[in-house]
Every structure is written in structure tokens, then in C-alpha cells.
Amino acid sequence: TTFDVDGTLTADAMSVGGVTALTTSTGLRVAHAKYSFATDGGTQGTIAPTNSDTLPDNAIIVGGTINVTDAVTSLGSATVAVGTSAGSSTTAIKGATAKATLSADAVLNAVPVFATPVKLTAAGTVTFTIGTADLTAGVIEVWLYYVVAAA
């Protein structure tokens with residue numbers, strides 16, 4: 001599938017000018033998750049947020065962005081790690097990060113990048129693991145950029 005000269009989608013070739021058309025079956029995909037203290041709570045442990053896309057088995061995560069929209073707060077020295085519910089670890093996206101780093105409008109890079117991707121061995125959703133102390137507030141969004149391998 002490619003695009004014709006006028007920009008319309010055609011089915012007669014796989015590429016135009018050597019550039020393969022990105023489709024939902026072969027191209028870069030985006031998964032989104034949102035942790036909200038108001039919805040998901042903040043007790044220490046692993047939280048599967050109410051709002052999370054599922055990454056499929058064999059997803060290869062090649063990047064990610066973590067955006068803190070409301071500062072993470074705690075009465076103690078809380079940490080937050082980001083990972084998946086299955087197919088990788090609870091810290092595969094971002095290791096335990098101190099609450100001070102998770103201030104309002106903080107933008108952090110995820111650990112997986114093109115040079116060091118993470119491949120899921122099973123389908124899973126994004127999780128947030130709270131450590132050291134309970135949270136008392138916070139909203140964190142995560143976008144993960146991935147492709148799906150044949151196996």
C-alpha cells in the first residue's frame with residue numbers, strides 16, 4: 001500500500017521513492033496511559049491505572065515520553081516506577097524516580113529508545129509502581145512508541 005502522486009492511497013506498490021507507507025499493521029504505533037491519584041489511588045505497590053492502552057505481545061518499544069501534569073506529592077520520600085503488567089518488568093519504562101523529579105509539567109524520557117528497545121513477551125498494560133511511601137496527589141501521562149514484530 002502506498003500513496004499516489006496526488007496523495008491518495010493506492011494498493012499497487014509497497015513504497016514510493018523508497019519510503020514504505022506506515023500503516024497500523026506495519027508502522028510505528030502509540031500507546032497511552034494515565035495515572036491519576038484521584039482515580040487510581042496512591043498506596044505503595046503496583047497500580048494498573050484505569051486509563052491504559054494494551055501493548056500487544058511482541059511489541060518493541062522504541063521510545064516514550066512521560067509527562068507529569070499534576071505534581072506527585074507524598075508525606076514521605078515516595079518513588080514512582082513505570083513498567084508493564086506483563087511481558088516486561090515493572091521498571092522497564094522508567095526506574096524508581098523520586099517524587100521531587102515528578103513536579104508539575106516535568107517531562108521525562110522513557111528508558112527504551114531506538115538504541116536500547118524493550119520487547120514484550122506477552123501483552124500488557126502500563127503500570128505505575130509506588131515505593132517507599134504512599135502518594136497523596138499526582139497525575140502522570142505516558143506515551144510509548146512501538147512497532148510489533150512478527151514473533
Side-chain angles (χ1 to χ4, degrees), residues 1-3 9 14-15 18-151:
T1 304
T2 63
F3 293 95
L9 193 60
M14 292 304 294
S15 67
V19 177
T20 302
L22 295 179
T23 67
T24 56
S25 63
T26 62
L28 188 64
R29 300 179 187 188
V30 178
H32 175 260
K34 181 179 180 181
Y35 161 80
S36 171
F37 173 80
T39 304
D40 302 308
T43 304
Q44 291 180 62
T46 300
I47 296 171
T50 303
N51 182 343
S52 180
D53 293 334
T54 299
L55 288 97
D57 184 18
N58 294 315
I60 300 172
I61 303 168
V62 296
T65 302
I66 300 165
N67 178 45
V68 183
T69 57
D70 289 335
V72 168
T73 61
S74 171
L75 298 177
S77 300
T79 62
V80 178
V82 183
T84 62
S85 62
S88 75
S89 72
T90 56
T91 60
I93 309 304
K94 187 73 169 175
T97 303
K99 70 176 182 178
T101 303
L102 302 170
S103 59
D105 297 323
V107 177
L108 308 167
N109 290 321
V111 171
V113 294
F114 281 102
T116 55
V118 169
K119 183 178 180 182
L120 271 61
T121 58
T125 59
V126 174
T127 61
F128 296 82
T129 301
I130 313 305
T132 310
D134 294 348
L135 297 183
T136 55
V139 176
I140 305 170
E141 289 189 282
V142 175
W143 288 270
L144 298 174
Y145 315 110
Y146 68 98
V147 295
V148 180

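In this chain, residues are counted from 1 in sequence order.
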| remark: Contacts satisfying ring-ring contact (aromatic ring centres under 6.0 Å, His included) that involve residues 39-60 (not counting sequence neighbours) are none
Side chains of residues 138-150: which donor-acceptor partners sit under 3.5 Å, not counting sequence neighbours?
residue	atom	partner	partner atom	Å
Glu141	OE2	His32	NE2	2.8
Tyr145	OH	Thr65	OG1	3.2

| request: Could I get the full list of side-chain hydrogen bond (donor to acceptor under 3.5 Å, both in side chains) partners for Ser89, not counting sequence neighbours? | output: Thr91
Distance-only donor-acceptor hits, side chain of residues 107-132, under 3.5 Å, sequence neighbours excluded:
residue	atom	partner	partner atom	Å
Lys119	NZ	Ala151	O	2.6
Thr121	OG1	Gly87	O	3.4
Thr125	OG1	Ser85	OG	3.2
Thr129	OG1	Thr46	OG1	3.0

| request: Write out all pairs satisfying ring-ring contact (aromatic ring centres under 6.0 Å, His included) with one or both partners inside residues 56-95, taking only residues at least two apart or from two chains. | output: none
| About how many Å separate CD1 of Ile93 and CD1 of Ile66, when rounded to the nearest 0.5 Å? | 8.0 Å
| request: Drop me the distance from Ser88's OG to Ile61's CD1, to the nearest 0.5 angstrom. | output: 6.0 Å
| request: Output the distance between atom NZ (Lys94) and atom OG1 (Thr101), rounded to the nearest 0.5 Å. | output: 8.5 Å
| query | Going from CG on Leu135 to NZ on Lys99, what distance comes out if it is rounded to the nearest 0.5 angstrom? | reply | 9.0 Å
| said: Checking Asn58 now: which residues fulfil side-chain hydrogen bond (donor to acceptor under 3.5 Å, both in side chains) with it, not counting sequence neighbours? | reply: none
| At what distance, to the nearest 0.5 angstrom, does OG1 of Thr39 lie from CG of Asn51? | 8.5 Å
| note | Note: Ile47 and Pro49 closest approach over all heavy atoms is O-CD, 3.4 Å
| task | Any chance you could measure Tyr35, atom OH, to Thr50, atom OG1, to the nearest 0.5 Å? | result | 10.5 Å
Return all side-chain donor-acceptor pairs below 3.5 angstrom for residues 70-83, not counting sequence neighbours, or 'none' if the list is empty.
residue	atom	partner	partner atom	Å
Thr73	OG1	Thr136	OG1	2.7
Thr73	OG1	Ala137	N	3.3
Ser74	OG	Gly76	N	3.0
Ser74	OG	Gly76	O	3.4
Ser74	OG	Asp134	O	2.7

